[in-house]
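Have a look at the structure below before the remarks.
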Amino acid sequence: MYLGSNAIESVPRDIHRLESLRLLYLGGNQLSELPEEVGRLQHLESLSLCENQLKSLPPTIAQLKSLRSLALHRNCLTTLPPQIVKLRYLMELSLRNNPLVMRFIRDMMYDVPSLMELAARSIKLNKLHYSADELPNCLVGYLNSAHRCVNPKCKGVYFDSRVQHIKFVDFCGSYRLPLLQYLCSPQCSSSQSSGSSPLNRINSSDDESDNYMNEEMITEFRLKRVEYKQQSVNLVLQSVFL
(Lines give C-alpha, C1' and ligand atoms only; values in the text may rest on other atoms or scores of the structure.)
Protein backbone atom coordinates (compact mmCIF):
# COMPACT_ATOMS: atom_id res chain seq x y z
CA MET A 1 0.00 0.00 0.00
CA TYR A 2 1.56 3.30 -1.16
CA LEU A 3 0.49 6.43 0.71
CA GLY A 4 3.58 8.59 0.20
CA SER A 5 3.61 12.40 -0.12
CA ASN A 6 0.03 12.92 0.99
CA ALA A 7 0.63 15.26 3.97
CA ILE A 8 -0.69 12.55 6.29
CA GLU A 9 -0.31 13.61 9.93
CA SER A 10 -1.41 10.42 11.70
CA VAL A 11 -1.92 6.73 11.14
CA PRO A 12 -5.30 5.30 12.28
CA ARG A 13 -5.09 2.91 15.20
CA ASP A 14 -7.23 0.34 13.44
CA ILE A 15 -4.55 -0.17 10.80
CA HIS A 16 -3.93 -3.57 12.36
CA ARG A 17 -7.10 -4.74 10.64
CA LEU A 18 -5.11 -4.92 7.39
CA GLU A 19 -3.93 -8.36 8.43
CA SER A 20 -2.53 -9.40 5.05
CA LEU A 21 -0.61 -6.18 4.41
CA ARG A 22 2.95 -6.87 3.24
CA LEU A 23 4.17 -3.43 2.15
CA LEU A 24 3.37 -0.07 3.71
CA TYR A 25 4.89 3.09 2.24
CA LEU A 26 4.28 6.29 4.25
CA GLY A 27 7.31 8.30 3.16
CA GLY A 28 7.14 12.03 2.57
CA ASN A 29 4.27 12.73 4.94
CA GLN A 30 4.01 14.69 8.21
CA LEU A 31 3.93 11.90 10.76
CA SER A 32 5.21 12.80 14.22
CA GLU A 33 4.32 9.49 15.87
CA LEU A 34 3.36 5.94 15.03
CA PRO A 35 0.55 4.04 16.80
CA GLU A 36 1.48 0.93 18.73
CA GLU A 37 -1.06 -1.03 16.71
CA VAL A 38 1.37 -1.08 13.76
CA GLY A 39 3.16 -3.86 15.58
CA ARG A 40 0.20 -6.15 14.98
CA LEU A 41 0.80 -6.30 11.22
CA GLN A 42 2.30 -9.76 11.42
CA HIS A 43 2.77 -10.22 7.66
CA LEU A 44 4.36 -6.82 7.00
CA GLU A 45 7.69 -7.24 5.18
CA SER A 46 8.50 -3.66 4.12
CA LEU A 47 7.80 -0.48 6.10
CA SER A 48 8.90 2.94 4.82
CA LEU A 49 8.57 5.92 7.15
CA CYS A 50 11.24 8.10 5.54
CA GLU A 51 11.00 11.89 5.29
CA ASN A 52 8.60 12.42 8.16
CA GLN A 53 8.90 14.07 11.57
CA LEU A 54 9.21 11.00 13.78
CA LYS A 55 11.13 11.49 17.03
CA SER A 56 10.66 7.95 18.34
CA LEU A 57 9.24 4.55 17.47
CA PRO A 58 6.84 2.44 19.54
CA PRO A 59 8.43 -0.63 21.18
CA THR A 60 5.75 -2.76 19.51
CA ILE A 61 7.65 -2.41 16.24
CA ALA A 62 9.66 -5.39 17.46
CA GLN A 63 6.53 -7.52 16.98
CA LEU A 64 6.81 -7.24 13.19
CA LYS A 65 8.29 -10.71 12.91
CA SER A 66 8.21 -10.75 9.09
CA LEU A 67 9.78 -7.32 8.59
CA ARG A 68 12.75 -7.33 6.19
CA SER A 69 13.07 -3.65 5.22
CA LEU A 70 12.68 -0.60 7.45
CA ALA A 71 13.30 2.90 6.02
CA LEU A 72 13.61 5.65 8.65
CA HIS A 73 15.90 8.16 6.97
CA ARG A 74 15.25 11.90 7.10
CA ASN A 75 13.32 11.97 10.37
CA CYS A 76 14.00 13.46 13.80
CA LEU A 77 14.91 10.24 15.58
CA THR A 78 17.20 10.63 18.58
CA THR A 79 16.86 7.05 19.88
CA LEU A 80 15.60 3.65 18.81
CA PRO A 81 13.66 1.24 21.04
CA PRO A 82 15.96 -1.52 22.37
CA GLN A 83 13.38 -4.07 21.26
CA ILE A 84 14.32 -3.41 17.63
CA VAL A 85 17.13 -5.97 17.94
CA LYS A 86 14.44 -8.66 18.04
CA LEU A 87 13.69 -8.15 14.34
CA ARG A 88 15.56 -11.29 13.31
CA TYR A 89 14.68 -11.15 9.61
CA LEU A 90 15.44 -7.47 9.12
CA MET A 91 17.82 -7.11 6.17
CA GLU A 92 17.65 -3.38 5.39
CA LEU A 93 17.64 -0.50 7.87
CA SER A 94 18.03 3.10 6.68
CA LEU A 95 18.77 5.72 9.38
CA ARG A 96 20.71 8.46 7.58
CA ASN A 97 19.92 12.12 8.24
CA ASN A 98 18.64 11.55 11.76
CA PRO A 99 20.03 13.23 14.91
CA LEU A 100 20.97 9.86 16.40
CA VAL A 101 23.23 9.10 13.42
CA MET A 102 24.86 12.53 13.54
CA ARG A 103 25.53 12.11 17.26
CA PHE A 104 26.97 8.64 16.69
CA ILE A 105 29.35 9.92 14.01
CA ARG A 106 30.42 12.82 16.21
CA ASP A 107 31.15 10.51 19.14
CA MET A 108 33.06 8.09 16.92
CA MET A 109 35.32 10.90 15.70
CA TYR A 110 36.17 11.86 19.27
CA ASP A 111 39.53 10.57 20.48
CA VAL A 112 39.14 9.30 24.02
CA PRO A 113 41.44 11.19 26.42
CA SER A 114 44.52 9.35 27.63
CA LEU A 115 44.94 8.53 31.31
CA MET A 116 47.45 11.36 31.60
CA GLU A 117 45.00 13.83 30.13
CA LEU A 118 42.20 12.63 32.41
CA ALA A 119 44.48 13.09 35.41
CA ALA A 120 45.54 16.53 34.20
CA ARG A 121 41.93 17.56 33.64
CA SER A 122 41.09 16.48 37.17
CA ILE A 123 43.94 18.57 38.58
CA LYS A 124 42.80 21.62 36.64
CA LEU A 125 39.10 21.22 37.39
CA ASN A 126 39.71 20.78 41.10
CA LYS A 127 42.32 23.57 41.15
CA LEU A 128 44.91 21.39 42.84
CA HIS A 129 48.21 23.09 43.58
CA TYR A 130 51.32 21.86 41.79
CA SER A 131 54.82 23.18 41.24
CA ALA A 132 58.13 22.29 39.62
CA ASP A 133 59.39 21.18 43.04
CA GLU A 134 56.75 18.45 43.17
CA LEU A 135 56.49 17.36 39.54
CA PRO A 136 58.88 16.86 36.62
CA ASN A 137 59.20 19.83 34.30
CA CYS A 138 57.58 17.91 31.45
CA LEU A 139 54.40 17.37 33.50
CA VAL A 140 54.32 20.96 34.69
CA GLY A 141 54.61 22.11 31.07
CA TYR A 142 51.82 19.72 30.08
CA LEU A 143 49.52 21.02 32.82
CA ASN A 144 50.25 24.59 31.79
CA SER A 145 49.24 23.82 28.20
CA ALA A 146 45.57 23.32 29.11
CA HIS A 147 42.94 24.99 26.93
CA ARG A 148 39.62 26.13 28.30
CA CYS A 149 36.46 24.70 26.75
CA VAL A 150 34.69 27.42 24.73
CA ASN A 151 31.26 26.60 26.15
CA PRO A 152 30.57 29.46 28.61
CA LYS A 153 28.63 27.10 30.89
CA CYS A 154 31.44 24.57 31.02
CA LYS A 155 34.46 24.96 33.29
CA GLY A 156 36.25 22.06 31.64
CA VAL A 157 39.63 22.05 29.95
CA TYR A 158 41.29 19.92 27.30
CA PHE A 159 44.84 19.12 26.21
CA ASP A 160 45.13 16.83 23.20
CA SER A 161 41.65 15.32 23.06
CA ARG A 162 38.97 17.72 21.83
CA VAL A 163 35.81 17.97 19.76
CA GLN A 164 35.58 20.19 16.70
CA HIS A 165 32.41 22.27 16.58
CA ILE A 166 31.24 24.67 13.88
CA LYS A 167 29.47 27.78 15.12
CA PHE A 168 27.65 30.19 12.81
CA VAL A 169 28.02 33.76 14.02
CA ASP A 170 26.20 36.89 12.87
CA PHE A 171 28.64 39.35 11.34
CA CYS A 172 27.70 42.99 10.76
CA GLY A 173 24.05 41.95 10.51
CA SER A 174 24.61 40.69 6.98
CA TYR A 175 26.50 37.41 7.12
CA ARG A 176 26.56 34.13 9.02
CA LEU A 177 30.20 33.15 9.41
CA PRO A 178 31.18 29.53 10.13
CA LEU A 179 33.78 29.60 12.90
CA LEU A 180 35.65 26.57 14.18
CA GLN A 181 35.56 26.01 17.94
CA TYR A 182 36.92 23.28 20.20
CA LEU A 183 35.00 21.64 23.03
CA CYS A 184 36.29 19.40 25.79
CA SER A 185 33.94 16.45 25.08
CA PRO A 186 30.98 15.38 22.87
CA GLN A 187 28.65 15.77 25.85
CA CYS A 188 29.59 19.42 26.09
CA SER A 189 28.04 20.09 22.68
CA SER A 190 24.78 18.42 23.67
CA SER A 191 21.77 20.55 24.51
CA GLN A 192 20.88 18.32 27.44
CA SER A 193 22.27 18.62 30.94
CA SER A 194 22.84 15.68 33.22
CA GLY A 195 24.06 17.47 36.31
CA SER A 196 27.14 19.39 37.31
CA SER A 197 29.68 16.83 36.16
CA PRO A 198 32.47 18.44 34.11
CA LEU A 199 31.92 15.93 31.32
CA ASN A 200 28.18 16.55 31.10
CA ARG A 201 27.66 20.23 30.44
CA ILE A 202 24.69 21.90 28.87
CA ASN A 203 25.26 23.74 25.66
CA SER A 204 25.08 27.50 25.79
CA SER A 205 22.75 29.58 23.70
CA ASP A 206 24.01 30.82 20.35
CA ASP A 207 24.19 34.44 21.46
CA GLU A 208 26.03 33.70 24.69
CA SER A 209 28.54 31.39 23.06
CA ASP A 210 29.10 33.79 20.19
CA ASN A 211 29.76 36.72 22.53
CA TYR A 212 32.12 34.63 24.61
CA MET A 213 34.00 33.04 21.77
CA ASN A 214 34.43 35.33 18.89
CA GLU A 215 34.77 38.99 19.88
CA GLU A 216 38.38 39.11 18.73
CA MET A 217 37.63 37.18 15.55
CA ILE A 218 34.65 39.39 14.69
CA THR A 219 36.78 42.50 15.26
CA GLU A 220 39.39 41.05 12.92
CA PHE A 221 36.75 40.38 10.25
CA ARG A 222 35.44 43.92 10.59
CA LEU A 223 38.90 45.36 10.13
CA LYS A 224 39.41 43.22 7.07
CA ARG A 225 36.08 44.31 5.67
CA VAL A 226 37.06 47.99 6.09
CA GLU A 227 40.39 47.22 4.43
CA TYR A 228 38.67 45.55 1.48
CA LYS A 229 36.31 48.51 1.10
CA GLN A 230 39.29 50.91 1.08
CA GLN A 231 40.98 48.79 -1.58
CA SER A 232 37.81 48.91 -3.69
CA VAL A 233 37.66 52.70 -3.37
CA ASN A 234 41.30 52.96 -4.45
CA LEU A 235 40.64 50.80 -7.49
CA VAL A 236 37.69 52.98 -8.48
CA LEU A 237 39.75 56.15 -8.13
CA GLN A 238 42.55 54.66 -10.23
CA SER A 239 40.09 53.71 -12.97
CA VAL A 240 38.71 57.26 -13.04
CA PHE A 241 42.02 59.16 -13.17
CA LEU A 242 44.01 56.79 -15.39
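Ring pair Y25/Y2 is tilted by interplanar angle, where 30° to 60° counts as tilted.
The backbone N or O of G39 lies less than 3.5 Å from a partner atom in the side chain of Q42, making a donor-acceptor pair. Within the 3.5 Å criterion, the main-chain N or O of P59 finds no donor-acceptor partner in the side chain of Q83. One N or O on the side chain of N52 and one on the backbone of L26 form a donor-acceptor pair closer than 3.5 Å. When atom types are taken as modelled, the side chain of N98 and the backbone of N75 share a donor-acceptor pair closer than 3.5 angstrom. In terms of modelled atom types and a separation under 3.5 Å, the side chain of N29 and the main chain of L3 share a donor-acceptor contact.
To the nearest 0.5 Å, atom CD of residue Q63 and atom CD of residue E36 are 8.5 Å apart. L139 CG to N144 CG: the interatomic distance, rounded to the nearest 0.5 Å, is 11.0 Å.
Listed here is the closest heavy atom pair of P12 and P35: O-CG, 4.2 Å.
In the hydrophobic clustering of ILVMFWY residues, with side-chain heavy atoms under 4.5 Å counting as a link, L118 and L128 come out apart. Residues L34 and L64 share a hydrophobic cluster, clusters being chains of Ile/Leu/Val/Met/Phe/Trp/Tyr side chains in contact below 4.5 Å. If you chain together hydrophobic residues whose side chains sit under 4.5 Å apart, L87 and M91 never meet in one group. No single ILVMFWY cluster, assembled from side-chain heavy atoms under 4.5 Å apart, contains both L125 and Y142. Tracing side-chain contacts under 4.5 Å through hydrophobic residues (I, L, V, M, F, W, Y), one never reaches L23 starting from L41; they form parts of separate clusters.
Proximity of S66 to Y89: side-chain heavy atoms (C-beta onward) are nowhere separated by under 4.5 Å. Looking at heavy atoms from C-beta onward, C50 lies out of side-chain contact with R74 at the 4.5 angstrom threshold. V38 has its side chain out of reach of T60: every pair of non-hydrogen atoms, C-beta onward, lies at least 4.5 Å apart. At least one side-chain heavy atom of C154 sits less than 4.5 Å from a side-chain heavy atom of C184. In this structure, the side chains of L77 and L54 come closer than 4.5 Å at one or more pairs of heavy atoms. Residues L135 and L143 have side chains in contact (heavy-atom distance under 4.5 Å, counting atoms from C-beta outward).
Under 3.5 Å, the side chains of R22 and S20 contain no donor-acceptor pair of N or O atoms. A donor atom on one side chain and an acceptor atom on the other are not found under 3.5 Å apart for K124 and Y158.
With a 6.0 Å radius and a threshold of 12 heavy atoms from other residues, nucleotides or ligands, K65 has its NZ atom above the threshold. A 6.0 Å sphere centred on OH of Y130 holds more than 12 heavy atoms belonging to other residues, nucleotides or ligands. Within 6.0 Å of the CD atom in E19, the count of heavy atoms belonging to other residues, nucleotides or ligands does not exceed 12.
Using a cut-off of 4.0 Å between Lys/Arg side-chain N and Asp/Glu carboxylate O, E45 and R68 are scored as not salt-bridged.
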